[in-house]
**Q** 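Just passing along the structure, written as structure tokens.
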Amino acid sequence: MYNKNNFHKYTFCEFIEIEPNKISKIKTSYKSKSGSEYCFTEEGVYRISNHWGRAANCRWRLISEIINPNQKERIGYAKWTDFYPNNETENFFYVEVNFDTKEVTFQHKNNPNFDEKAVLRNASETAKVIRQIKGILESDTWAKYLDYNDLEELRRDIIQKLITTNIPLQTIKKELY
């Protein structure tokens, strides 16, 4: 179980952005060297920061309506139960794709929405698959020599294989020739 003494050591977490007026009466409990402020409660932690993503040995994401949350200071809240273990070697992560918005992200296997269909990978393997998927979503040059009827359907099929198997992209493409 994570708490104010260990949440900052090798964790993954998604903070939910909140409005500043929600914590106006809460006092800062800790201020980091990088300027982030933390307000601890029994249930969780508020983080006031202008940088999200990689924070030291942690992966902390801010769920926000704002496109680029690193541009100015934002406030995020997470319950202690929202923190999961994080490191570079264990297979903690899986890839999610929103085909409508063409957004690709990763999630932690302890996320309650994990359906166990996606392959779990370590951090570097997950980043590699995300790069490959973004290339498939953002370009169509990779499909130049393939025979297909519907490019979007082909994209979905390839991406689903990348998410749910360990078959390398090159092998998936070769099967399509």
Side-chain angles (χ1 to χ4, degrees), residues 10-19 44 47 49-79 81-177:
Y10 299 96
T11 58
F12 169 90
C13 186
E14 289 185 318
F15 287 75
I16 304 299
E17 184 171 26
I18 61 154
E19 296 298 318
R47 181 174 190 249
S49 182
N50 67 351
H51 57 281
W52 296 86
R54 288 299 295 262
N57 53 40
C58 298
R59 288 179 169 84
W60 291 346
R61 183 180 298 147
L62 181 65
I63 305 300
S64 172
E65 297 295 317
I66 296 163
I67 302 301
N68 189 348
N70 282 340
Q71 294 301 312
K72 67 177 203 167
E73 197 169 76
R74 302 271 184 246
I75 302 168
Y77 176 76
K79 293 185 249 176
T81 54
D82 295 334
F83 287 87
Y84 306 132
N86 173 57
N87 66 45
E88 298 302 312
T89 58
E90 290 184 65
N91 293 338
F92 282 138
F93 306 106
Y94 65 96
V95 177
E96 286 185 328
V97 176
N98 181 327
F99 288 97
D100 296 329
T101 61
K102 295 190 175 189
E103 292 177 293
V104 186
T105 189
F106 65 95
Q107 284 292 345
H108 196 280
K109 71 177 186 175
N110 292 355
N111 177 323
N113 297 326
F114 180 46
D115 63 8
E116 299 191 29
K117 292 179 183 172
V119 171
L120 295 173
R121 297 178 170 90
N122 66 30
S124 65
E125 291 168 352
T126 301
K128 178 183 175 183
V129 169
I130 287 173
R131 281 190 305 276
Q132 291 173 335
I133 291 172
K134 284 182 177 181
I136 292 165
L137 287 172
E138 296 169 1
S139 168
D140 59 1
T141 56
W142 56 269
K144 189 165 42 173
Y145 300 107
L146 299 177
D147 184 26
Y148 59 89
N149 294 324
D150 184 337
L151 180 59
E152 292 309 312
E153 186 178 320
L154 180 63
R155 276 191 172 104
R156 282 180 184 270
D157 290 346
I158 292 171
I159 290 169
Q160 280 306 118
K161 283 182 183 173
L162 286 171
I163 291 172
T164 60
T165 72
N166 281 314
I167 300 171
L169 179 57
Q170 288 306 107
T171 304
I172 293 170
K173 285 182 182 178
K174 282 180 185 176
E175 291 173 357
L176 298 170
Y177 287 107

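Both backbone and side-chain heavy atoms feed into the values below; hydrogens, waters and symmetry mates do not.
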**Q** Show your reasoning for whether side-chain contact (heavy atoms from CB on, under 4.5 Å) applies to E125 and N91.
**A** CA-CA 9 Å; E125 291 168 352; N91 293 338; 4.1 Å; yes
**Q** Checking E152 now: which residues fulfil salt bridge (charged side-chain N to carboxylate O under 4.0 Å, His left out) with it, not counting sequence neighbours?
**A** R155
**Q** So which pairs with a foot in residues 142-163 pass ring pair (Phe, Tyr, Trp, His ring centres under 6.0 Å), sequence neighbours left out?
**A** none
**Q** Is the backbone of N57 close enough, under 3.5 Å, to the side chain of N86 for a donor and an acceptor to pair up by distance?
**A** yes
**Q** Quick check against the 3.5 Å criterion: does N111 have a side-chain atom that pairs as donor or acceptor with the backbone of H108?
**A** no
**Q** Can you name the nearest heavy-atom pair linking Y84 to P112, along with the distance?
**A** OH-CD, 3.5 Å
**Q** Quick one: does I75's side chain get under 4.5 Å of S49's, heavy atoms only?
**A** no
**Q** One pair to check against side-chain contact (heavy atoms from CB on, under 4.5 Å): L176 and L154. What are the steps and the verdict?
**A** CA-CA 10 Å; L176 298 170; L154 180 63; 3.8 Å; yes
**Q** Taking the side chain as every heavy atom from C-beta outward, state whether C58 and F12 have any atom pair closer than 4.5 Å.
**A** no
**Q** State which residues pass salt bridge (charged side-chain N to carboxylate O under 4.0 Å, His left out) with R121; sequence neighbours excluded, sorted by chain then number.
**A** none
**Q** Hey, could you give me the CG/CG distance between N166 and L120, rounded to the nearest 0.5 Å?
**A** 10.0 Å
**Q** Report the residues that fulfil side-chain contact (heavy atoms from CB on, under 4.5 Å) with S124, sequence neighbours left out, ordered by chain and then residue number.
**A** N122
**Q** Measure the spacing between CD1 of I18 and CZ of R47 and express it to the nearest 0.5 Å.
**A** 13.5 Å
**Q** Output the distance between atom CH2 (W52) and atom SG (C13), rounded to the nearest 0.5 Å.
**A** 8.5 Å
**Q** Could you list the residues that satisfy side-chain contact (heavy atoms from CB on, under 4.5 Å) with I16, not counting sequence neighbours?
**A** I63
**Q** Enumerate the salt bridge (charged side-chain N to carboxylate O under 4.0 Å, His left out) contacts for residues 90-117, please, sequence neighbours excluded, ordered by first and then second residue.
**A** none
**Q** Is any side-chain heavy atom of D82 closer than 4.5 Å to one of K79?
**A** yes
**Q** Could you tell me the separation between the CD atom of E175 and the CG atom of D157, rounded to the nearest 0.5 Å?
**A** 11.5 Å
**Q** With sequence neighbours left out, what residues match T165 under side-chain contact (heavy atoms from CB on, under 4.5 Å)?
**A** K161, I167
**Q** With sequence neighbours left out, what residues match V104 under side-chain contact (heavy atoms from CB on, under 4.5 Å)?
**A** V95, V97, I130, I133, K134, L137
**Q** Report the relative orientation of the aromatic rings in F83 and W60; use parallel for angles under 30°, tilted for 30 to 60°, perpendicular for over 60°.
**A** perpendicular
**Q** Measuring from I136:CD1 to R156:CZ, what's the distance to the nearest 0.5 Å?
**A** 13.5 Å
**Q** Is there a side-chain contact (heavy atoms from CB on, under 4.5 Å) between L162 and V119 once you walk through the steps?
**A** CA-CA 9 Å; L162 286 171; V119 171; over 6 Å; no
**Q** Check for a donor-acceptor pair, side chain of D140 on one end and backbone N or O of A143 on the other, with a separation under 3.5 Å.
**A** no
**Q** Could you tell me which residues satisfy salt bridge (charged side-chain N to carboxylate O under 4.0 Å, His left out) with E17, sequence neighbours excluded, listed by chain and number?
**A** R74
**Q** Partners of Y94 by ring-ring contact (aromatic ring centres under 6.0 Å, His included), sequence neighbours excluded?
**A** F114
**Q** For atom CG of D147, decide whether the heavy atoms of other residues, nucleotides or ligands shown that lie under 6.0 angstrom number more than 12.
**A** no
**Q** Can you give me the closest heavy-atom contact between A123 and N87, atom names plus distance?
**A** CB-O, 4.3 Å
**Q** Shortest non-hydrogen contact from G44 to Y77?
**A** N-OH, 3.5 Å
**Q** Keeping to residues at least two apart or across chains, list the ring pair (Phe, Tyr, Trp, His ring centres under 6.0 Å) pairs with something in residues 115-138.
**A** none
**Q** Rounded to the nearest 0.5 Å, what separation is found between the CD1 atom of I163 and the CD1 atom of I159?
**A** 7.0 Å
**Q** Please collect all salt bridge (charged side-chain N to carboxylate O under 4.0 Å, His left out) contacts where either partner lies in residues 51-63, sequence neighbours excluded, each pair once.
**A** E14-R61, R54-E88, R59-E88
